[in-house]
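This structure is a prediction, so every number in the text was calculated from the model and none was measured. Here is the naming used below: chain letters follow the sequence lines, and residue numbers restart at 1 for every chain. Just so you know, these numbers use all the heavy atoms, side chains as well, and skip hydrogens, waters and symmetry mates.
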Amino acid sequence: MSISTHVLTEDVVYREVTADHRLFSRRLLMKTNRLPRWAEHIFPSGMSRSVYIVEDSIVDPINRSLTTFTWNLNHTTLMSVEERCVFQDSQEQPATTQLKREAWISSNVYGFSRPIQEFGLARFKSNQVKAMKGLEYALSNLQGEAPQRPLRDSVKDASEKAKEAAKSLASAAAAAPQKPQQYV
Amino acid sequence: MLTTATAAENSLKNHPNLDYTSFVRIQAIMNSVGEACTDLKREYDQCFNRWFAEKFLKGDRNGDPCMETFRLYQRCVQKAIKEKEIPIDGVEFMGPNKEKPES
């Protein structure tokens with residue numbers, strides 16, 4: 001059963017148990033690249049349809065957390081997406097798991113970086129719904145019944161904080177072309 | 001979150017009574033990027049999944065029963081990565097994460 005039909009291959013390329021009993025893993029994933037119609041016209045059809053993605057993860061069974069950091073290896077000029085997920089016990093709702101998910105999206109296509117970033121951000125936000133449904137499905141199979149509590153979503157818009165961060169990063173960034181980054 | 005299997009693995013911690021067979025039911029069946037490596041990958045995955053659920057998560061620190069199957073799988077997949085010129089080398093573990101501020 002594959003929850004995400006767009007992920008074609010998955011490989012573990014590094015794995016280690018550390019002295020403090022954490023599990024470090026690196027996975028290489030290959031996905032199909034689904035471009036919206038308007039982007040298909042702009043980009044050459046020769047461009048590879050596969051996206052390679054790396055996912056580094058740390059499982060900490062003692063502190064009860066799972067952290068993943070994911071980014072794409074190719075198509076980075078078009079769009080670079082980095083995502084961090086942290087799963088932990090929820091403090092607010094005992095006996096439940098809290099997921100904090102963050103993404104950093106940038107594009108370096110001359111003249112199009114802004115709309116591409118907006119698209120990426122919008123897709124990230126809408127994917128949250130799909131991702132949550134997938135997670136609910138997996139959990140309901142695991143527990144043998146529908147989840148007792150529906151997954152709750154509280155989206156924090158860190159726009160003010162992000163603007164400050166973007167300004168300082170933009171000034172620290174090298175070279176000429178303007179490359180504004182958007183944060184969620 | 002590209003696959004939810006990883007997240008589901010984490011939820012096992014809240015259910016000490018679940019056994020390996022329940023865990024296996026929700027694993028995604030994926031292919032390797034190296035076509036010739038898929039069988040080796042599946043063999044490694046089976047070994048790892050069992051060790052992960054039955055040993056690692058329960059605090060058992062006694063060795064690694066999957067070392068040999070991992071070695072065989074890696075030999076195959078690293079070769080495929082080189083052949084396909086996948087630009088995976090040279091990034092420190094969790095490397096890009098280090099530059100990211102805590103929000």
Side-chain angles (χ1 to χ4, degrees), chain A residues 1-4 7-15 17 21 23-24 26 28-31 52-59 61-62 64-71 73-74 82-85 87 95 97 99-102 104 127 131 134-135 137-139 141-144 156 158 161 165 183, chain B residues 1-15 18 22-23 25-35 37-38 41 44-45 48 52 56-61 63-64 66 70 73-74 76-78 80-81 84 86-88 91-103:
Chain A
M1 173 191 75
S2 178
I3 290 165
S4 170
V7 182
L8 297 178
T9 71
E10 175 236 347
D11 285 285
V12 176
V13 297
Y14 157 73
R15 187 162 265 157
V17 179
H21 201 61
L23 180 71
F24 283 18
R26 171 168 284 181
L28 170 67
L29 302 147
M30 198 246 288
K31 275 187 79 160
Y52 291 113
I53 292 152
V54 177
E55 177 208 77
D56 284 351
S57 63
I58 299 177
V59 180
I62 295 165
R64 299 169 59 86
S65 74
L66 166 64
T67 303
T68 67
F69 197 83
T70 304
W71 69 98
L73 288 180
N74 60 342
E82 296 169 303
E83 178 195 79
R84 175 166 67 203
C85 293
F87 297 81
T97 301
L99 163 61
K100 183 169 93 167
R101 192 172 173 229
E102 300 161 285
W104 294 265
N127 275 349
L135 181 52
Y137 178 73
L139 289 175
N141 278 346
L142 191 64
Q143 294 165 354
K156 289 187 189 158
K161 208 165 152 192
Y183 295 82
Chain B
M1 226 171 9
L2 291 173
T3 77
T4 57
T6 322
E9 284 168 15
N10 190 58
S11 75
L12 270 179
K13 296 195 297 258
N14 293 322
H15 299 277
L18 278 178
S22 321
F23 178 71
R25 270 198 349 243
I26 55 94
Q27 278 300 297
I29 310 294
M30 301 289 305
N31 292 331
S32 172
V33 70
E35 297 79 10
C37 309
T38 293
K41 167 193 147 58
Y44 166 69
D45 283 346
F48 169 78
F52 182 76
F56 179 75
L57 288 184
K58 298 187 177 172
D60 187 327
R61 303 189 185 207
D64 177 10
C66 305
F70 187 62
Y73 164 47
Q74 286 303 293
C76 184
V77 77
Q78 297 293 347
I81 286 169
K84 291 173 195 261
I86 299 170
I88 194 170
V91 185
E92 203 186 328
F93 183 71
M94 289 288 202
N97 185 45
K98 305 233 171 91
E99 300 144 27
K100 300 305 180 192
E102 287 291 323
S103 74

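Using a 4.5 Å heavy-atom cutoff, the side chains of His21(A) and Phe56(B) are in contact. Here the side chains of Met30(A) and Ile86(B) are not in contact, with every heavy-atom distance at 4.5 Å or above.
For Val33(B), the parts lying near chain A are the backbone and the side chain together; criterion is any non-hydrogen pair under 4.5 Å. Contacts between Val54(A) and chain B at a heavy-atom distance below 4.5 Å involve the side chain alone, from C-beta outward. Proximity to chain B (any heavy atom under 4.5 Å) is shown, for Val12(A), by both the backbone and the side chain. Looking at Ile58(A), the atoms closer than 4.5 Å to chain B (heavy atoms on both sides) sit in the backbone and in the side chain alike.
Under the salt bridge (Lys or Arg N to Asp or Glu O under 4.0 Å) criterion, Asp60(B) pairs with Lys55(B), not counting sequence neighbours. Qualifying salt bridge (Lys or Arg N to Asp or Glu O under 4.0 Å) partners for Arg15(A), counting only residues two or more places apart in sequence or in other chains: none.
Considering CD of Glu10(A) and CG of Asp45(B), their distance stands at 6.0 Å, rounded to 0.5 Å. Considering CG of Leu28(A) and CD1 of Ile81(B), their distance stands at 5.0 Å, rounded to 0.5 Å. In this structure, OG1 on Thr68(A) lies 7.0 Å from CE on Met94(B), to the nearest 0.5 angstrom.
When all heavy atoms of Pro61(A) and Leu57(B) are compared, the closest pair comes out as CB-CD2, 4.3 Å. Closest approach of Ile62(A) to Arg61(B), counting heavy atoms only: CD1-NH2, 3.4 Å.
Using bins of under 30°, 30° to 60° and over 60° for the plane-to-plane angle, the ring pair Tyr14(A)/Phe93(B) lands in the perpendicular bin.
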*Just do the side-chain contact (heavy atoms from CB on, under 4.5 Å) check on Asp64(B) and Val17(A) with the steps written out, would you?*
CA-CA 9 Å; Asp64(B) 177 10; Val17(A) 179; over 6 Å; no
query = Are Met30(B) and Thr9(A) close enough, and set up right, to give a side-chain contact (heavy atoms from CB on, under 4.5 Å), and what steps lead you there?
reply = CA-CA 6 Å; Met30(B) 301 289 305; Thr9(A) 71; 5.6 Å; no
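Ser32(B) and Asp11(A) form a side-chain donor-acceptor contact under 3.5 Å, judged by distance and modelled atom types alone.
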